[in-house]
Amino acid sequence: MGQPFGGAQAAIEVAVAAIPLLMVIGSALYLSAQHRRYGRLVGWPGQLTLAALLVGLGLATYAVWPLPASADGLCPVEPVPAPPLELRDAALALGVFLPVGVLARSRFRRGLFVTVAIGTALAVAVTVVRATGVLGLYPCAYNAAAPETAGIGVAGTLLGWLLARWVPVVWPFGPHRSWPAAVPDRVAPDLARRMLGTLVDLGLWWFGSATLVALLHAYGAVRPGTEAQVLTGTLLGLAALFGLFLPLLRRDRCTPGRASVHLSLTEWSSPRPAARHRVLARAALLSAPVAALIAFGLPWFALLVVAVHAGTAVVRPDGAGLADLVCRVRVRTRSSLDGGLPRRLVRYVPPPEGVPSPA
């Protein structure tokens with residue numbers, strides 16, 4: 001069976017770009033599902049919801065680390081046996097899988113057997129990814145681990161569940177309600193939520209461009225020596241697609257990352273979709289300069305543009321940035337725009353006629 005994408009180095013370049021992209025896409029889908037079910041992430045349950053996302057990203061990183069960018073010197077000439085279990089590897093596996101058990105009990109309210117099954121499935125998945133060189137994208141297993149590591153991962157999951165189940169006084173710092181309850185999502189979104197959506201946008205844009213260029217290079221569509229120019233053009237093209245055209249087609253006027261955290265761009269005076277010319281003006285003042293500066297290798301100047309925009313957002317109650325004030329738009333939640341409610345919100349349904357209401 002041949003290696004995907006026609007060769008070792010080409011496949012590795014695709015892996016280096018596509019794996020982070022898949023992690024960002026998974027994060028966007030997870031955040032969208034949580035906001036759709038429960039509304040805004042608030043309080044200790046909201047923090048655990050974000051912690052579950054970080055744990056998932058940590059597991060994915062643990063499975064593929066260090067993700068070499070080149071095949072040079074990667075594979076030994078002669079096969080070597082599996083390394084013995086070291087204390088450092090055991091401690092790392094225990095530390096990575098321990099939060100899985102804690103969150104399974106505290107955040108997702110899973111029982112013992114389901115938690116152990118989840119931990120076993122995750123440990124097996126990590127072992128398979130490592131043993132196959134990221135499912136065959138690499139010519140060999142570059143990060144082989146002792147077989148006992150999978151068992152330690154399962155044990156770490158079980159230990160985490162027991163800690164969350166039997167030691168609530170010390171975890172987490174006293175008894176708290178850990179599972180979320182749906183709340184209406186109508187208040188102005190905080191800066192952390194807006195920043196999270198922006199980070200998702202940056203990840204989709206950057207790693208999406210890198211993956212597209214790597215695939216084009218793997219299939220011979222990019223001439224050698226022109227990769228940098230093709231990447232710059234791809235970055236600018238996807239920035240126009242994500243930052244200009246898609247928001248104009250969406251009712252919430254949002255980029256994909258901000259849509260994943262259920263934000264919307266509205267008129268400054270009322271919660272209705274912002275006029276398209278205002279969306280274009282805001283993108284020209286904020287998104288376009290940031291994308292161009294990053295694409296041409298000037299990320300620090302892009303950060304300066306973001307800082308200037310955020311200077312007013314940190315002091316205003318409505319969180320309006322400088323570009324929002326100039327273009328007369330506001331960032332609100334999607335629920336304030338369409339009136340939707342979280343799916344898990346308990347709704348009162350009156351009984352049918354003739355059926356008395358319960359006392």
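Closest approach of Pro68 to Ile12, counting heavy atoms only: O-CG2, 3.3 Å. Minimum heavy-atom separation, Ser209 to Leu238: OG-CD1, 3.2 Å. The two residues Ala283 and Pro289 come nearest to each other via the heavy atoms O-CD, 4.0 Å. In terms of heavy-atom proximity, Pro256 sits nearest to Leu204 at CB-CD1, 4.0 Å. Taking each heavy atom of Leu53 and Ser27 in turn, the nearest pair found is CD1-OG, 3.5 Å. Of all heavy-atom pairs between Ala52 and Leu103, the closest is CA-CD1, 3.5 Å.
Using a 4.0 Å cut-off between charged side-chain N and carboxylate O, Arg330 and Asp318 make a salt bridge. A salt bridge links Arg194 to Asp324: at least one charged side-chain nitrogen sits closer than 4.0 Å to a carboxylate oxygen.
The salt bridge (Lys or Arg N to Asp or Glu O under 4.0 Å) with Asp185 is formed by just one residue from the set Arg334, Arg36, Arg193; it is Arg193. Remark: of the listed residues Ile152, Ile118, Leu122, Val100, Val100 is the sole one forming a side-chain contact (heavy atoms from CB on, under 4.5 Å) with Thr157.
Between the side chain of Arg253 and the main chain of Ala274, a donor-acceptor pair closer than 3.5 Å is present. No side-chain donor-acceptor contact under 3.5 Å links Thr333 to the backbone of Leu263. Looking at Ser32, its side chain never comes within 3.5 Å of a backbone N or O of Ala259 through a donor-acceptor pair. At least one donor-acceptor pair under 3.5 Å links the side chain of Thr211 to the backbone N or O of Ala17. Judged by distance alone, with hydrogens and angles left aside, the side-chain atoms of Gln9 form a donor-acceptor pair with the main-chain N or O of Ala69 at under 3.5 Å. Between the side chain of Trp205 and the main chain of Leu235, a donor-acceptor pair closer than 3.5 Å is present. Of the possible donor and acceptor atoms, none in the side chain of Thr255 sits under 3.5 Å from a partner among the backbone N and O of Phe242. For Tyr30 (side chain) and Thr49 (main-chain N/O), a donor-acceptor pair under 3.5 Å exists by modelled atom type. At distances below 3.5 Å, not a single donor-acceptor pair connects side-chain atoms of Trp65 with backbone N or O atoms of Asn143. Proximity of a side-chain donor or acceptor of Arg344 to a complementary backbone N or O of Tyr38 within less than 3.5 Å is not detected.
Inter-residue side-chain proximity for Phe296 and Thr232 is flagged as met; some heavy-atom pair is nearer than 4.5 Å.
Atom SG of Cys327 sits about 8.5 Å away from atom CZ of Arg278, to the nearest 0.5 Å. A distance of 7.0 Å separates CG in Leu50 from CG in Leu31, rounded to the nearest 0.5 Å.
In the hydrophobic clustering of ILVMFWY residues, with side-chain heavy atoms under 4.5 Å counting as a link, Leu248 and Leu244 come out together. Cluster annotation: Leu298 and Leu202 are assigned to the same hydrophobic cluster (Ile/Leu/Val/Met/Phe/Trp/Tyr, side-chain heavy-atom contacts under 4.5 Å, transitive).
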